[in-house]
Amino acid sequence: MIEVANVRLSLDDALAKGETRLARAVAKKLGIAKEAVVKAKLVRKSVDARRKSDVHVVVTAAVELANPADETALLAQNLPGVKRHVPYAPLAIPTLRPAPDALRPIVVGTGPAGLFCALYLARAGLRPIVAERGADVDERTRIVAAFDAGSDLDVATNIQFGEGGAGTFSDGKLTCGVKSPFAPHVLRWFVDAGAPREILVDAKPHIGTDLLRGVVRRLREQIVAAGGEVRFNTTVCDVRFLDGRVRAVAFCGPDGAVSWVDADRVVLACGHSARDTFELLRDRGLRLEPKPFSVGVRIEHAQQAVNEAQYGRAAKHPALGAADYKLAVQVPERAGGRQRGVYTFCMCPGGEVVAATSEPGQVVVNGMSRHARDGKNANSALLVGVGPEDFGSDDVLAGVAFQRRIERAAFEAARAAGGKAYAAPAQRVGDFLAADADGAHAAASAACGASTAPGASAGPSDVPVPTYPRGVAWCDLHDCLPPFVTDALADALPLLERRLRGFADPNAVMTGVETRSSSPVRIVREADLQARVGAFDCPSGLFPCGEGAGYAGGIMSAACDGLRVAEALRASIDAAR
């Protein structure tokens with residue numbers, strides 16, 4: 001078979017079932033008779049909306065021709081977008097037979113990095129023990145729903161912690177900013193666990209929070225079926241080293257009881273909000289370093305407005321669904337010096353803003369969508385890049401302190417404006433820009449000081465109703481974000497409006513604060529993917545992994561890093577024999 005890229009389909013043809021229209025489009029692309037195409041299978045699909053008057057679908061297809069000689073002839077012509085089709089080959093996992101006295105590897109965390117690492121190790125015969133501080137996904141869903149409805153915060157189980165990690169309550173995007181040889185395997189393993197098969201071909205695949213919950217449950221069940229063990233409500237509260245090598249891990253159960261488990265290989269896939277774990281590792285002599293991340297707000301628009309801005313008159317065509325966007329600009333700092341990057345992140349079409357704090361007395365927001373993406377609002381993070389020079393301290397965990405200051409300020413600003421506990425501060429774009437222009441932040445805050453719950457009327461009738469579940473308090477976001485962040489947001493909004501019509505609509509709603517865009521810390525690992533302890537230069541047996549360790553930025557890249565670390569761990573066992 002050959003693979004043919006850049007095949008154009010009309011929206012109607014893209015919606016049609018079966019291979020007939022695809023085969024006809026391939027034949028037209030190749031300049032051959034349609035009868036010459038015996039089989040055409042979709043490999044990749046994307047929407048081309050660069051011209052609003054000509055929105056269409058572009059696909060890559062695996063093609064079988066009636067005459068194999070014709071395939072050979074086409075390949076010999078070196079035509080653009082035509083190559084030999086290489087079918088997917090499953091990831092080869094050598095099976096190891098552990099020695100009778102071998103210690104079981106420990107994986108800390110059940111986010112994408114931890115789950116995929118543990119599943120690889122289990123299939124390799126290593127019977128990993130997986131520790132997760134939060135609850136299993138079903139209990140976690142109940143606890144999150146209770147918090148959304150007004151219950152107290154559970155610091156062990158919430159949007160950040162629990163089975164599946166923070167990605168469980170997200171749009172479930174499976175895009176990746178870097179190429180990884182593990183990416184095709186991650187997608188296949190997701191499908192094997194019940195994700196829609198369409199993620200194998202979509203250029204922008206997503207699963208959706210509603211389907212992800214079942215997918216992560218089945219991934220865990222596969223780990224257990226292959227010999228692994230998963231312990232929920234179990235926090236790693238200490239690690240013991242000897243001569244620079246890990247020797248044991250302390251597990252703290254839900255009743256507070258501590259038990260030590262001997263271990264010589266530990267994967268740290270703890271997530272970007274495991275602040276106590278970062279403190280523990282620093283105190284035990286591991287090398288950590290502060291790293292850049294981003295802070296800002298969630299911005300909400302009517303989804304239909306986004307659809308029309310992206311697709312024009314085709315916006316309501318059923319082949320398109322909810323439109324997304326990805327925007328970025330650079331703005332100079334008002335006080336001079338370097339430029340700031342301002343960008344959208346984790347855009348959730350037809351989604352909602354979620355209450356994502358994991359510590360008492362703080363407000364954090366994030367976004368999620370269901371698979372259908374059928375909500376009335378679109379939301380996205382609108383973020384400003386920050387770095388160690390902004391944190392106000394040289395401490396390795398200064399980024400964590402920086403996050404906490406902003407999160408506490410958001411909690412207090414919403415309360416001062418009349419909101420209940422864990423209400424989020426919110427402001428219309430028009431009010432935010434007006435306050436920025438005249439500096440009347442206190443007056444703007446007083447004028448906006450009203451609270452609203454989801455579904456309630458929120459200020460002017462044409463303001464999108466905020467979806468944040470604990471309700472919002474209308475106030476001035478300048479009161480809870482650093483001035484250099486609000487300056488950058490204010491300067492970026494008109495520029496982003498030029499990229500996407502309606503983005504800076506005065507009635508768009510900004511809800512704060514988003515501070516957990518990525519980890520504020522990197523747990524340094526060497527070429528063998530292992531950390532080093534103190535002055536010791538030997539491999540420690542501790543493998544930092546995924547987003548929390550500073551080596552990934554989303555579901556896909558975290559899962560890929562989990563597989564990469566699993567291979568490195570297995571290789572370290574081979575080398576020790």
Side-chain angles (χ1 to χ4, degrees), residues 108-109 111 113-114 133 155 160-161 165-166 235-241 243-246 249-250 252 266-296 338 340-341 357-359 362 364 383-409 481-482 484-485 513-553 557-558 561 565:
V108 182
R133 75 169 68 205
V155 297
Q160 304 294 347
F161 300 134
T235 303
V236 171
C237 55
D238 207 348
V239 184
R240 183 179 294 150
F241 295 93
D243 296 332
R245 299 179 185 274
V246 66
V249 170
C252 182
V266 177
V267 175
L268 278 176
C270 53
H272 59 41
S273 294
R275 294 164 170 174
D276 54 348
T277 303
F278 299 150
E279 294 171 1
L280 167 66
L281 297 176
R282 177 199 59 190
D283 295 344
R284 294 295 175 268
L286 272 79
R287 187 153 64 92
L288 278 65
E289 58 187 24
K291 62 175 283 292
F293 58 101
S294 301
V295 300
R338 68 186 180 91
R340 294 274 178 185
T357 189
S358 58
E359 295 184 345
Q362 300 172 19
V364 182
L383 302 177
V384 177
V386 299
E389 64 275 11
D390 300 311
F391 300 160
S393 168
D394 292 332
D395 187 89
V396 71
L397 298 183
V400 172
F402 180 80
Q403 290 174 322
R404 282 175 166 152
R405 287 195 299 272
I406 297 173
E407 294 165 11
R408 282 194 295 268
L481 287 166
F484 73 84
V485 172
V513 288
E514 176 135 353
T515 51
R516 311 285 182 92
S517 59
S518 64
S519 180
V521 173
R522 178 173 290 110
I523 307 169
V524 179
R525 67 188 187 191
E526 303 300 327
D528 58 6
L529 306 191
Q530 298 180 57
R532 300 296 187 265
V533 179
F536 293 97
D537 195 33
C538 59
S540 66
L542 195 151
F543 295 79
C545 181
E547 188 165 346
Y551 296 97
S557 59
D561 198 57
V565 165

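It should be emphasised that the depicted structure is a prediction, and the values quoted were computed from it without experimental measurement. Numbering of residues begins at 1 and proceeds along the displayed sequence.
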Keeping the roles fixed (side chain from S519, backbone from H272), state whether a donor-acceptor pair exists under 3.5 Å. no
The reported gap from CZ in R282 to CD in E279 (rounded to nearest 0.5 angstrom) is 5.5 Å
- prompt: Is R405 paired with D390 through a side-chain N to carboxylate O contact shorter than 4.0 Å?
  reply: no
Do E514 side-chain atoms and G296 backbone N/O form a donor-acceptor pair below 3.5 Å? no
Exercise. Has the side chain of S517 got a donor or acceptor atom that lies under 3.5 Å from a matching backbone atom of S294?
Worked result: yes
Taking the side chain as every heavy atom from C-beta outward, state whether L280 and C237 have any atom pair closer than 4.5 Å.
no
In terms of heavy-atom contacts, R525 and C545 come closest through NH1-CA, 4.0 Å
What one should report as the nearest heavy-atom pair of A398 and F391 is CB-CB, 3.7 Å
Heavy-atom nearest pair, C270 first then T277, reads SG-CG2, 4.1 Å
To the nearest 0.5 Å, atom OG of S358 lies from atom CD of Q160 at 5.5 Å
- Task: Taking the side chain as every heavy atom from C-beta outward, state whether C538 and F536 have any pair of such atoms under 4.5 Å apart.
- Result: yes
Within-4.5 Å side-chain heavy-atom neighbours: R516 and E547
no
Practice item. For residues L542 and R284, determine if any side-chain heavy atom of one lies less than 4.5 Å from a side-chain heavy atom of the other. Key: no
Problem set entry | Step-by-step side-chain contact (heavy atoms from CB on, under 4.5 Å) determination, F484 to V386 | CA-CA 10 Å; F484 73 84; V386 299; 3.7 Å; yes
All heavy atoms of V266 vs all of V108, minimum pair found to be CG1-CG2, 4.0 Å
Checklist entry - Under 3.5 Å, is there a donor-acceptor pair between the side chain of T357 and the main chain of Q362? => result yes
*Whether over 12 other heavy atoms sit under 6.0 Å from D537 CG*: no
Donor-acceptor pair, R287 side chain versus G285 backbone, under 3.5 Å? no
Heavy-atom closest pair (L286 atom, F241 atom, distance to 0.1 Å) is CD1-CZ, 3.6 Å
For L397 and F278, the nearest pair of non-hydrogen atoms, with its separation, is CD2-CB, 3.9 Å
Check whether any side-chain heavy atom of F161 sits under 4.5 Å from a side-chain heavy atom of V155, and report yes or no. no
Would you say R340's side chain and G385's backbone share a donor-acceptor pair under 3.5 angstrom? yes
Indicate yes or no: at least one non-hydrogen side-chain atom of V295 is less than 4.5 angstrom from one of F402. yes
Do the side chains of V565 and D561 get nearer than 4.5 Å, heavy atoms only? yes
Does S540 use its side chain to pair, donor to acceptor, with the backbone of V533 at less than 3.5 Å? no
*Can you check whether P539's main-chain N or O pairs, donor with acceptor, with R245's side chain at less than 3.5 Å?*
yes
The reported gap from CD in E359 to CZ in R404 (rounded to nearest 0.5 angstrom) is 4.0 Å
Inset, instruction - Check the pair L281, L268 against side-chain contact (heavy atoms from CB on, under 4.5 Å), reporting the backbone distance first and the verdict last. - result: CA-CA 10 Å; L281 297 176; L268 278 176; 3.5 Å; yes
Rounded to the nearest 0.5 Å, the OG1 atom of T515 sits from the CG atom of L383 at a distance of 9.5 Å
ask   = Taking C-beta and beyond as the side chain, do S518 and K291 meet within less than 4.5 Å on heavy atoms?
value = yes
